[in-house]
Amino acid sequence: MPRIIRLAAATSAIGLALTACGSPAEEVAADGGGLGSDGSPVSIRVIANDAFAKQWQDQLVPEFNKKYPNIKVTVDGVPYNDQLAKSMLELTGTTATYDAVLADDPWLPQLAKTGALYDLKGSELAKWNDPDYDWADFSPTPLAAGQWDGKQYSVPVRSNLLLMFYNKSLYKKAGVKEPDQNTTWEQYFADAKKLVQDTDGDGKTDSWAVGTYFTKDPLTPTIWQTVLNSNGGRLLDDKMQVTFNDANGVKALQTQVDLLKYAPPGASTYQFNEPLEAFRQGKTATMFMWGSVFKGTAVDKESTTLTPDEVGITTMPAGTAGPGAHRGIWSAGISKKSTHPAAAWTWLQWVTSKEGEQFVAKEFGTFPARNSTLDGEPPADWAKPVYAALKSGYEVVSKNEMWRPRLPESDAVQQILALQTSQAISGQATAQEAVQRAADEITGLLKSKGYGQ
Amino acid sequence: MIGKRVRLGEPGTAWLFLTPALVLLAGMLLYPVFYTVWVSLSDFDLATFQPSGWVGLRNYELVLKDPGFLESLKVTGIYLVIALPLQMVLGFAIAFLLNVEWRGRGVLRALFLVPMVVAPVVAGGVWRMLLDPLWGVVNYTLGLVGIGPIEWIGDPTLAMASVIIIDTWRWTPFVVLIAAAGIMALPGEVYEAARSDGAGRWQTLRHVTLPLLVPVMAAAFIVRWLGAVKMFDIALAATRGGPGNSTNVLNLYIYEKGFRSLEFGSASSMATIVLIVTMLLTIVLFRVSHRLENRW
């Protein structure tokens, strides 16, 4: 046998042997690993998003440890773009690094499909249930983000909605009535023309009507998806067949394309930070953005030039079926591969309890998912109108099913929509062409995955 | 009793010392390649996150019909055809300038190293800010002479130009370094002979310097080619491959297919195709470079 073949065979054998390496899953003790004691604490690990992992580690974990000092919690932050793949690897691996897994709204079906998440309302975790844990107190809209196939795989830890922020000073300067939940898209565009203005009188435009997602990003299509939903349309029907390649879908995408006419120069590259910065600097009169940025946009002096009195918040403009909003809930579940499910579930119950939720609402400005927090005494004056907008948003989101597709291929669908939305926004395709291409590609994708098309 | 001493001889000793490196190579290099090919020929089950059933060449058929993949091939071709020659010409031109004695060239030489040590993602992000039509210093400066604002990243054609500019800013210093080392190593006596024969500056450059530098140019080109063909971080940070597909280079497209859409079967097929094409083109480039070296 030639030497090169022998060498290749040997290296292949080593390579294949490496695939066989791995340790079997560890057994879970009958007490679920216990809750630790003074001399022998238990440790759990949480995989979270890097946007808030440090905040949780530095402030939320010490608060939890006041009640449960023998459960040591480590929160690892992962960049958003890597988090889904890393979580999938984690849940399908043989041993668990993480006891609790955080998921963005559209990821849950994919994570649940691995079979590696506990049903939080099921019998397996029941022996470690906190008797005071009140499931009925959750608003159904955020709670639904953690449900799939009739089971509750995760529970909301950071609730969010796409809402409309507006700068009251710029509205006043333009002589335009402030928007509310009855403002329609027609009215919004009529106002937008006046909101592109020269505020300092030097003859140059220095303030624009809108900032939001316009770049090629999976979150960009959520804007026109919201328009579509508020006109009664949907991306996919219950049989997972495309339903947006019609006049309603084209109109919705065209609405987002038209928004760019009233946005600052360079807005076609806006992702998350850019529209936020433009609004905080007083350069845009409105912003379609995740409501959770309110505190950093209107309250925190180190991050904004605006004050709570200047910033209004309401649902996005209304279509024929009602106002718009879009659900974006971070929820957390417990890995079945955890050797400490008792401690992990105890931690998660505390974080999402009335006490835990009120702590994060007060300290971080996180939006609540519980009715008792929404209806109770707000953590600060600024939160009162925000919670009102949030409650309206929760209602319309449930009514018009305003969320990203709920299927394991959700991210792949969103990627296709992101590309075609970008083609339309940059003028490389008309809204009609982009909608048709997106519909064809999504149909092809879902067909290849075994969905009847 | 004295045991018989085993003598491995020179080849045996060589293999013995090579074994740790070979095992490492097999684990770190060959295994991922085999695994990628395996995934490309399988159906990837998201529930187990493992390749499951054998599907033969189905993923390859789908990929070759995928308009996004074909467009990213075209985009990568445009980027390579413009960026590589530009960086080579600029790199050698700057190296010639730095080779001439003038005050301050040491400082400039040191400054040229800065782009190379900046992480590509940081470079993409910083340039994105510099080129921003509202806040960026580039448009501000152009605005002073009445130009703009220009949508550097938002316009499909200018976005590709911007990616090439950023990549050129980052990688030209690398070519400068190689070229400067090559120029400094040129034998002085050849120039003395050329002077004795009455050759002028242009003739010396055309008939002495450039032919002597061909091996250096070929080596620099091949190293840059291998770097450029895998470029995706600058495009990811600066444009995210947009607008549309206008800067969606192959590796970015594969990355998004794999790690965002979790379409690992398709992504692995694309990666395998790219690997084969790159290997073939690199072999061609090596042969051309050999021929050029022999010609001069």
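Quick note on labels: first sequence line is chain A, next is B, and so on, each numbered from 1. Computed from a predicted structure; not experimentally measured.
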Relative to chain B, which segment of A:Q420 carries a heavy atom at a distance below 4.5 Å: side chain, backbone, both, or neither? neither
Heavy-atom distance under 4.5 Å to chain B: side chain of A:Q414, backbone, both or neither? neither
What closest approach, in Å, do A:D119 and A:K151 show between heavy atoms, and which atom pair accounts for it? OD2-CG, 3.7 Å
Please determine whether side-chain contact (heavy atoms from CB on, under 4.5 Å) holds for the pair A:L407 and A:L446, giving the CA-CA distance in whole Å, both sets of side-chain angles, and the decisive distance to 0.1 Å. CA-CA 10 Å; A:L407 70 167; A:L446 296 180; 3.6 Å; yes
Can you tell me which portion of A:K449 sits under 4.5 Å from chain B's heavy atoms? Options are side chain, backbone, both or neither. side chain
Give the interface residues of residues 117-130 of chain B toward chain A, defined by a heavy-atom separation under 4.5 Å. B:R128
Taking the six-membered ring for Trp, are B:F232 and B:Y253 ring centroids under 6.0 Å apart? no
To the nearest 0.5 Å, what is the distance between OH on A:Y153 and CG on A:D149? 6.0 Å
Part of B:L134 lying under 4.5 Å from any heavy atom of chain A: both
Quick check on A:W107 against chain B: is it the side chain, the backbone, both or neither that has a heavy atom closer than 4.5 Å? neither
Examine whether an atom of A:L89 lies under 4.5 Å from a heavy atom of chain B, and if so say whether it belongs to the side chain, the backbone or both; otherwise answer neither. both
Counting heavy-atom pairs under 4.5 Å with chain B, the top scorer among A:G115, A:S268, A:G427, A:S448 is A:S268
Ion pair check, A:K261 and A:D258, cut-off under 4.0 Å: yes
From the options B:L250, B:L236, B:V163, select the one residue that forms a side-chain contact (heavy atoms from CB on, under 4.5 Å) with B:M231. B:V163
The interface call for B:Y255 against chain A, heavy-atom contacts under 4.5 Å, is side chain
A:D217/B:R240 salt bridge by N-O under 4.0 Å criterion: yes
Which bit of B:W135 is near chain A, if near means a heavy-atom gap under 4.5 Å: side chain, backbone, both or neither? side chain
Whether A:D105 and A:R406 form a salt bridge (side-chain N of Lys/Arg under 4.0 Å from carboxylate O of Asp/Glu) is what I want to check. yes
Checking B:N248 against chain A: side chain, backbone, both or neither under 4.5 Å from a heavy atom? side chain
Please report the closest heavy-atom contact between A:A103 and A:L111, naming both atoms and the distance. CB-CD1, 3.5 Å
Start with the C-alpha gap between A:S426 and A:Q428, add the side-chain angles, then the distance that decides, and say whether side chain to side chain donor-acceptor pair (under 3.5 Å) holds. CA-CA 6 Å; A:S426 61; A:Q428 295 176 83; 2.8 Å; yes
